[in-house]
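Okay, so here's the structure we're looking at.
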Amino acid sequence: MQHLRTKQITLISILATISFALMIFPQFSLIPGASFLKIEFSIIPVVIALYWLDFTSAVWVLVLRTILKVFLLNGGVNTYIGLPVNLAVALTFIIGLKLCLPEFDFGKQQGRKLLALVVSTLAMTVVALLVNVTIAMPLYSEFAHFDISKFIGTKTYLWGMVLPFNLVEGLFWSGVSYFVLILVAPFKNRFKS
């Protein structure tokens, strides 16, 4: 039992480190005028933890990679405001996956996998919109002296940037995670026994 727990903690640490690295590279912007909205793939190790270990382990990977970002690559106000938004969106994504697709079976449950993709992507998009309106936009205005409603416009920002960005990011996250889970499937049993 102790051996299994040690393996689990080791895997969580490794996945959190990989997730942190994937927050940095590769990244790319999709929407002109919103270069601060960048797709990154730090969710992939979190999804691996979700399906190889359990939901709690996936949350630990998210929390640890977030702590690493704060301490090792802190960008000041942008990190303190943007990172909680990212954390809320990523957490919503994995909750959607877990609720719609409790187990990931290679070659099975294709309908459930599609449902998980759609539900997770829509849920994370709704959360991104809500968190931006209620938390991020007011905080950026107050602490970064960047009033999005004045510079970009609230409707333009939410419906022209946040909405399409999160829909596309959810599709990227789902597609890449799906293929990575298939590729690493042969190694899963090493961490289960």
Side-chain angles (χ1 to χ4, degrees), residues 15-16 18-51 55 58-59 61-62 65-66 69 73 75 78-101 104 109-137 139-140 144 146 148-149 151-184:
L15 291 172
I18 294 168
S19 183
F20 166 67
L22 289 171
M23 288 183 88
I24 304 163
F25 181 82
Q27 290 184 353
F28 59 93
S29 298
L30 285 177
I31 300 171
S35 60
F36 52 91
L37 294 175
K38 293 184 178 164
I39 290 184
E40 44 86 4
F41 297 98
S42 66
I43 198 72
I44 295 165
V46 178
V47 173
I48 291 172
L50 178 68
Y51 288 115
F55 179 77
V59 172
V61 171
L62 264 177
R65 67 98 189 181
T66 303
K69 172 84 172 176
L73 280 175
N78 290 334
T79 299
Y80 293 126
I81 299 171
L83 208 49
V85 174
N86 177 279
L87 185 62
V89 168
L91 185 58
T92 303
F93 182 79
I94 63 166
I95 289 170
L97 287 181
K98 188 62 177 174
L99 291 175
C100 296
L101 190 67
F104 186 88
Q109 301 177 320
Q110 297 306 327
R112 286 196 69 125
K113 287 176 187 166
L114 183 59
L115 176 67
L117 176 152
V118 171
V119 168
S120 297
T121 299
L122 291 177
M124 71 179 257
T125 302
V126 169
V127 166
L129 289 167
L130 292 173
V131 171
N132 267 281
V133 168
T134 59
I135 299 170
M137 290 174 63
L139 289 177
Y140 274 117
F146 181 72
I148 291 170
S149 62
F151 290 105
I152 300 172
T154 302
K155 287 183 181 178
T156 301
Y157 175 66
L158 293 174
W159 304 115
M161 295 177 177
V162 174
L163 177 76
F165 171 79
N166 282 281
L167 289 172
V168 172
E169 184 174 53
L171 294 174
F172 268 102
W173 282 0
S174 299
V176 174
S177 295
Y178 175 80
F179 288 111
V180 169
L181 281 171
I182 291 170
L183 288 173
V184 298

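Fair warning: this is a prediction, and the values are worked out from it, not measured in the lab.
With Ser19 contributing its side chain and Ser42 its backbone, the two residues share a donor-acceptor pair below 3.5 Å. Ser120 places a side-chain N or O within donor-acceptor distance of the main-chain N or O of Leu97, the cut-off being under 3.5 Å. The main-chain N or O of Val162 is found under 3.5 Å from a side-chain atom of Asn166 such that the two form a donor-acceptor pair. Judged purely by atom type and a 3.5 angstrom limit, Trp173 uses its side chain to pair as donor or acceptor with the backbone of Glu40.
One finds the CZ atom of Arg112 at 6.5 Å from the CG atom of Leu101 (value rounded to the nearest 0.5 Å). Distance check, rounded to the nearest 0.5 Å: CD1 of Ile81 to CG of Leu139 gives 5.0 Å. Distance check: Ile152 CD1 to Met161 CE gives 4.5 Å after rounding to the nearest 0.5 Å. One distance of note links CG of Leu163 with CG of Leu129; it measures 5.5 Å at 0.5 Å rounding. Atom CZ of Phe41 sits about 10.0 Å away from atom CD of Gln27, to the nearest 0.5 Å. Leu158 contributes atom CG, which lies 5.0 Å from atom CE of Met137 (distance to the nearest 0.5 angstrom).
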Audit row: Val168, Ile39, side-chain contact (heavy atoms from CB on, under 4.5 Å) steps and yes/no:
CA-CA 9 Å; Val168 172; Ile39 290 184; 4.0 Å; yes
Do Tyr178 and Leu117 pass the side-chain contact (heavy atoms from CB on, under 4.5 Å) test, and can you show the C-alpha distance, the side-chain angles, and the key distance before you say yes or no?
CA-CA 10 Å; Tyr178 175 80; Leu117 176 152; over 6 Å; no
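Between Leu22 and Ile43, the closest side-chain pair of non-hydrogen atoms is not below 4.5 Å. Using a 4.5 Å cut-off on side-chain heavy atoms (C-beta onward), Pro84 and Ile135 make no contact. Residues Val119 and Leu99 have side chains not in contact (no heavy-atom distance under 4.5 Å, counting atoms from C-beta outward).
Results of the side chain to side chain contact (heavy atoms under 4.5 Å, CB included) test with Ile44 over Val184, Ile18, Leu15, Val180 single out Val180 as the only residue that passes.
When every heavy atom of Tyr51 is checked against every heavy atom of Lys98, the shortest pair comes out as OH-N, 4.3 Å. Of all non-hydrogen atoms in Ala49 and Val61, the two that sit nearest each other are CB-CG2, 3.8 Å. In terms of heavy-atom proximity, Leu50 sits nearest to Ile94 at CD2-O, 3.9 Å. Across every non-hydrogen atom of Phe93 and Met124, the tightest pair is CD1-SD, 3.5 Å. Residues Ala16 and Arg65 come closest through the heavy atom pair O-CB, 3.5 Å.
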